[in-house]
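For reference, the structure discussed in these notes is given below.
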Amino acid sequence: MVFWHILHEAIIMIPTQLEDLIHQALKKAQKKGDLPKFPIPPITVTRPRRGQGDYSTALPLQIVKQVNNALKEQGGDKLAPIQIAEIVIKRLPPADFLDRAEAAKPGFINFHLSPAWLAQQAGVIAQQGPDYFKINLGQDKKVQVEFVSANPTGPLHFGGARNAAIGDVLARLLENSGYQVQREYYVNDRGAQMDTFARTLWRRYQQLFGLDVDIPPDGYPGAYMIGYAEKIREAHGDSLLHLPEEEAIPRFRDLGLQIVLDELKTDLALMDVHFDTWFSEQSLYDDGTFARVFAILSEQGDLYEKDGAVWFRASKYIGGDKDEVFVRSNGEPGYFASDITYHYHKFVVRGFDWVIDVWAVDHQNQAKRLPPALKAFGIDPNRLTIVLYDLVTLKRGGQEVKISKRSGDIITLREVLEEVGSDAARYFLLSHSNEARIDFDLDLAVAQSNENPVYYIQYAHARSASILRKAAEAGFAPNSAHLDLLTCPEELALLRKMLQLPEVVAFALEKLAPHHLPHYALDLAKTYTNFYGHCRVIATDPADKPLTEARLMLVQAAKLTLAYVLGLMGMTAPEKM
RNA sequence: GCCCGCGUAGCUCAGUGGAUAGAGCACUUGCCUCCGGAGCAAGGUGUCGCAGGUUCGAAUCCUGCCGCGGGUACCA
């Protein structure tokens, strides 16, 4: 199994393998005296923009100075970058996937994949299925992705959808790259907000029975609160009506919380987002974690009193520019205290190797102050990555629609998903870089037209399914025996594009930037459709059976590739549309 | 004020220090006896916000400026 992983990785991550080949070539050239001795720098192989081979490196340009400095010391003649390129190519060990390497001015090395090898990959992909694309970057490391984590005081509004999409796709990327992933929703179930929520709910409940009471002035005016109260009435009738306030508030807090959490679960399930854990903030105080954190900081002299509050000496740690209130003067721990305690729990109690928090950009200040604070516990701040994304503006026909209205009502995730569908919503939310603001136009997202690439991609998948069905009826089946017949440019272009998927996954993961997936998917669909347009798959002449079978294998491989990338984005891959 | 992000084609957006900066949409022109036309082929657009700097090489890195958004609480 271990061997298989190594072998497998070698097959798919071609740039990595090329980098290794170049490294070998450099060492050999040095040994043979073609090049002087100098420390070999990290080598990067990239995909050139166009027409310059499948992969390329600018290494000769990068090392020319070092090479010539070393030559000068030896009294040798200077080398031009392109000469270095030629030396490296001469010493390059052979590889089955490589057709040739060429030097290009002013000093690039361009690599061309072997067409015969490419054609065979159709069979390998079709046979291995999704495993073909799985890369083992994580080596079973335990990583937590914490996302959404909206306050449990009402339905999830549409702004949360972007968080859900980003977090979920990061989790999917990690899962498919050899990490052990836990998806967590942090439930802010304590503090003043929760109290206000409970008091509002209680009043709404009383109102249902005709009591003349108002919701608190700072309460939650949204109509959904009445819906929650009705649910409580259904379950408990009037039995809670005359509880004394000090009993009613905690009771309604618990009942309301349960209703909201159930609602969040069902709403998030509409976009196929599911959490492994719903972590209670209150539990940090109930199980003694907070007390422990307080004691540790206290012992270290990281806490001090000022103006009746307890402050955390953040300035003591590199990156912490000013001290933070830890326990407020009213005796309540502040948000920062909870946050530190929560992350202490993640790293020290639960032992995650890596934690990714997905936060909206309006939390940027916390994102800055939290990592340095981890050092107080000896936790390497690099084990925490906070992914910040910009906000979503909802529009309809170019006009902005407020997600949160003055009335307290909101545009919910559920409403939008019911209108545009999960696939279209996900695609659109994912297709922008995290740092970009999004204008989400409902009319545009819902339009089943050329303006919406979602359907184009899914259509490519459905069309593959259709071809395979139709071929089966005609008595054809995919077959690897004659893959060498796959030689036309459109076929090879499709194979090249499919081969790129693991590289895209690795890149998206490295940058924690899911938006590369939709762009790749569109590209793949386009390449596939181009193949479809140029290469008739199901032959009309029985003599063409071998080519038909080979192309069916390619179609099957393309279908798997499309399904895999759609799956990474949490989108469906329909057999029919 | 200070901190963070953004500014790329008419519009929406990609772009990893490399070669002639790319997609989709929109627009024009062809193509439906054809495996699914939600399609295909061809056509042309750019002071990469502005000005410097680093580099053999900058949309990309650095500095300053302009514009937009966000942050700068004993709120979360």
Side-chain angles (χ1 to χ4, degrees), chain A residues 44-52 56-58 61-62 64-65 81 104-108 110 149-151 153 188 191-194 281 306-311 321-322 324-339 360-368 388-391 393 398 428 431-439 441 444 448-460 462-471 473-474 476 503 507 510-511 513 515-516 518-520 522-523 526 529-530 532-540 548 551-552 555 576-577:
Chain A
T44 50
V45 167
T46 56
R47 291 204 170 228
R49 297 210 183 277
R50 69 165 175 273
Q52 290 129 343
S56 112
T57 181
L61 292 164
Q62 288 151 4
V64 64
K65 196 173 274 182
K105 61 179 190 280
F108 297 97
N110 297 329
S149 299
N151 284 329
T153 53
N188 295 112
Q193 280 194 140
M194 212 53 219
E281 180 185 2
K306 193 180 86 180
D307 305 331
V310 179
W311 293 68
D321 37 59
K322 66 181 179 63
E324 307 285 348
V325 168
F326 199 72
V327 181
R328 291 187 275 157
S329 54
N330 66 3
E332 287 292 319
Y335 180 84
F336 188 66
S338 274
D339 239 15
V361 72
D362 55 340
H363 291 65
Q364 61 182 259
N365 195 43
Q366 292 162 68
K368 205 171 74 175
L388 292 177
Y389 64 92
D390 214 313
L391 305 170
T393 311
F428 193 77
S431 62
H432 298 63
S433 65
N434 295 337
E435 301 81 18
R437 263 170 287 166
I438 293 187
D439 287 336
D441 196 310
L444 205 62
Q448 304 210 348
S449 71
N450 296 343
E451 289 180 47
N452 199 332
V454 178
Y455 303 103
Y456 182 84
I457 299 164
Q458 292 183 319
Y459 192 78
R463 174 180 272 155
S464 309
S466 170
I467 291 173
L468 290 167
R469 279 195 303 268
K470 182 137 186 165
E473 285 166 20
F476 294 112
E503 296 161 35
F507 187 66
E510 184 193 329
K511 303 287 179 188
H515 73 275
H516 295 290
H519 286 101
Y520 169 79
L522 181 59
D523 225 19
K526 212 170 62 177
T529 307
N530 193 38
Y532 168 84
H534 282 86
C535 310
R536 190 183 167 83
V537 177
I538 300 173
T540 44
T548 293
R551 284 185 172 164
L552 283 173
V555 168
K576 288 181 182 175
M577 289 175 76

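Per chain, numbering begins at 1; letters A, B, ... match sequence-line order. Values below: all heavy atoms of this structure, side chains included; hydrogens, waters and symmetry mates excluded.
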Would you please confirm or rule out a distance under 4.0 Å between OP1 or OP2 of [N] and any side-chain N or O of [X]?
X	N	value
A:Lys368	B:C4	no
A:Tyr459	B:A38	yes
A:Asn530	B:A41	yes
A:Ser329	B:C74	no
A:His515	B:G15	yes

Pull out every stem in RNA chain B, meaning runs of 3 or more consecutive Watson-Crick or G-U wobble pairs with both distances under 3.5 Å. B:1-7 with B:66-72, B:10-13 with B:22-25, B:27-31 with B:39-43, B:49-53 with B:61-65

Which nucleotide, [options], lies nearest any side-chain atom of [X]?
X	options	result
A:Thr529	B:C56, B:C40, B:G36	B:C40
A:Gln62	B:C35, B:G18, B:G70	B:G18
A:Lys470	B:A23, B:A76, B:C35	B:C35
A:Tyr532	B:U16, B:G36, B:G71	B:G36
A:Arg463	B:G37, B:C68, B:C35	B:G37
A:His516	B:C74, B:G36, B:G15	B:G15
A:Ala436	B:C74, B:G24, B:A14	B:A14
A:Gln366	B:A76, B:G36, B:G18	B:A76
A:Val537	B:C35, B:C56, B:A19	B:C35
A:Ala462	B:U16, B:G36, B:C74	B:G36

Quick one: label [X] by what it contacts on the DNA or RNA (base, sugar-phosphate, nothing), any heavy atom closer than 4.0 Å.
X	answer
A:Val361	sugar-phosphate
A:Ser56	base
A:Lys576	base
A:Asp390	nothing
A:Glu435	sugar-phosphate

May I ask you to verify whether the side chain of [X] and the base of [N] hold a donor-acceptor pair under 3.5 Å?
X	N	answer
A:Asn365	B:A76	no
A:Ser431	B:A14	no
A:Gln458	B:A38	no

Quote, to the nearest angstrom, the C1' distance that separates B:C66 from B:C50. 7 Å

Taking [atom1] from [X] and [atom2] from [N], how many angstroms apart are they, rounded to a whole number?
X	N	atom1	atom2	answer
A:Phe326	B:A76	CZ	P	13 Å
A:Asn110	B:U20	CG	P	13 Å
A:Phe108	B:G17	CZ	P	14 Å
A:Phe336	B:A76	CZ	C1'	14 Å
A:Ile467	B:G36	CD1	P	7 Å
A:Leu391	B:C68	CG	P	18 Å
A:Ile457	B:G36	CD1	C1'	17 Å
A:Lys105	B:U20	NZ	P	10 Å

Taking it one step at a time, do A:Phe428 and A:Ile438 satisfy side-chain contact (heavy atoms from CB on, under 4.5 Å)? CA-CA 9 Å; A:Phe428 193 77; A:Ile438 293 187; 3.7 Å; yes

Do A:Thr153 and A:Gln193 have side-chain atoms, one donor and one acceptor, less than 3.5 Å apart? no

Across all chains, not counting sequence neighbours, the side chain to side chain donor-acceptor pair (under 3.5 Å) partners of A:Tyr389 are A:Asn163

Begin from the C-alpha positions of A:Val537 and A:Lys470 and carry the test side-chain contact (heavy atoms from CB on, under 4.5 Å) through to its verdict. CA-CA 10 Å; A:Val537 177; A:Lys470 182 137 186 165; over 6 Å; no

Find which nucleotide of RNA chain B each of A:Ala471 and A:His519 is nearest to by heavy atoms, and output the residue with the more 5' nucleotide. A:His519

On RNA chain B, more 5' by nearest nucleotide between A:His363 and A:Leu522 is A:Leu522

With a 3.5 Å distance limit and no angle check, can you tell me whether A:Asp307 reaches the backbone of A:Ala309 through a side-chain donor-acceptor pair? no

Rounded to the nearest 0.5 Å, what separation is found between the [atom1] atom of [X] and the [atom2] atom of [Y]?
X	Y	atom1	atom2	answer
A:Glu435	A:His515	CD	NE2	7.5 Å
A:Ser464	A:Arg469	OG	CZ	10.5 Å
A:Met577	A:Arg463	CE	CZ	10.5 Å

Can you tell if the side chain of A:Leu388 reaches within under 4.5 Å of the side chain of A:Asn434, non-hydrogen atoms only? no

Can you confirm whether A:Tyr456 sits close enough to A:Leu522 that some side-chain heavy atom of one is under 4.5 Å from a side-chain heavy atom of the other? yes

With the six-membered base ring of B:A38 as reference, does the ring of A:Tyr456 sit under 5.5 Å away with planes under 30° apart? no

